[in-house]
Amino acid sequence: GCIIQVINPNTSRSMTETIAVAARSVAAPGTEILAVCPQEGVPSIEGHFDEAIAAIGVLQQVKLGREAGVSGHVIACFGDPGLLAARELANRPVIGIAEAAMHMATLVATRFSIVTTLPRTLVIARHLLHQYGFERHCAALHAIDLPVLALEDGSGLAQQKVREHCIQAKQQDGSGAIVLGCGGMADLARELTQELGIPVIDGVSAAVKMIESLHALGLNTSKHGDLAFPQAKPLSGMFGGFNR
Ligand SMILES: NC(=O)NC1=NC(=O)NC1=O
């Protein structure tokens, strides 16, 4: 069996649950999902500062998962915070939900649109498109202009905004697929795919299936070269107990 650690890098328990439900909804019968979030950090991730803080919690959770013997790790925030650092700490595969959703979109469409939360997170999505080499595949990026935690306030307003922007993206962007740009949107993909008649892709479920595939293929993070374990060195202060 496969044990997948799904890390919500923010500290909001309700979003961790939304993410866990999406992960479990696609997990294979033999796959166990361990959904976690950092004990301390930031309640939502909406910019570079938040990402820097969240990355420490991601690394702490990846180390715990490695020591628990998980088969792989998912970073369930659309900025993929701490992804490469996490791969240095991990033996097993580590996949971010943005890279997972973007890869899947390129398999089913020639171009995709992204629908994310606050406008200020658009630059983060653009950085990832460049980093992953998908700039040419992304036709447009949209922001619903609501904060991440509006997805968890029970009003349904954020979910309605996501739906409206997905409809606009389908009509205006010339995209064949849509990528949902937040871990908290993970529960919307299936219904929107049905309603819009085009692939609307959630990175949480995409990442879970990619980890299962890597596990089945016996492929793990390469420790040869750039992603080798960090050099052992004396870490000080709050990082004291935190070595590779
Ligand atoms: N673009 C985003 O909304 N990123 C995110 N911030 C979070 O706290 N979770 C996300 O997925």
Side-chain angles (χ1 to χ4, degrees), residues 5-23 35-61 73-83 86 94-105 112-132 134 138 140-153 157-166 169 178-189 192 200-208:
Q5 182 193 42
V6 178
I7 304 165
N8 171 16
N10 75 42
T11 57
S12 295
R13 294 194 173 285
S14 63
M15 190 162 289
T16 303
E17 186 54 26
T18 299
I19 289 164
V21 168
V36 297
C37 71
Q39 274 76 22
E40 50 193 25
V42 60
S44 65
I45 299 155
E46 298 170 319
H48 306 287
F49 174 84
D50 295 346
E51 285 207 341
I53 292 176
I56 298 299
V58 167
L59 293 176
Q60 288 169 333
Q61 292 302 323
H73 315 261
V74 172
I75 300 176
C77 166
F78 200 72
D80 297 349
L83 179 64
V94 184
I95 296 182
I97 64 171
E99 72 175 336
M102 291 173 180
H103 277 83
M104 288 298 187
F112 61 85
S113 298
I114 295 171
V115 176
T116 189
T117 52
L118 288 178
R120 69 179 299 167
T121 70
L122 291 169
V123 66
I124 294 171
R126 287 196 179 92
H127 283 173
L128 294 179
L129 288 166
H130 179 77
Q131 182 177 327
Y132 302 143
F134 289 141
C138 182
L141 298 98
H142 304 256
I144 64 171
D145 203 3
L146 286 172
V148 166
L149 294 183
L151 288 158
E152 296 295 326
D153 72 9
L157 175 64
Q159 286 77 7
Q160 179 54 25
K161 286 284 183 186
V162 171
R163 180 177 168 279
E164 287 165 9
H165 281 273
C166 287
I178 295 169
V179 164
L180 296 178
C182 180
M185 298 176 186
D187 55 343
L188 305 180
L192 287 171
V200 177
I201 301 166
D202 147 53
V204 173
S205 43
V208 165

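Indexing begins at 1, ligand by ligand and atom by atom, following the structure's order.
Between His103 and Tyr132, the ring planes are tilted. Angles from 30° to 60° get that label. The aromatic rings of His48 and His127 sit tilted, their planes meeting at an angle between 30° and 60°.
Without hydrogens or angle criteria, Arg120 side chain to Glu46 main chain gives a donor-acceptor distance under 3.5 Å. Listed for the Asp80 side chain is a donor-acceptor partner under 3.5 Å among the backbone atoms of Ile97.
A 4.5 Å side-chain heavy-atom check between Val200 and Leu188 finds every atom pair outside the cut-off.
A distance limit of 4.0 angstrom between heavy atoms and ligand 1 selects the residues Asn10, Ser44, Ile45, Cys77, Phe78, Thr116, Thr117, Thr121, Val148, Gly181, Cys182, Gly183.
Scored by the salt bridge (charged side-chain N to carboxylate O under 4.0 Å, His left out) test, Glu152 finds no partners at all (sequence neighbours excluded).
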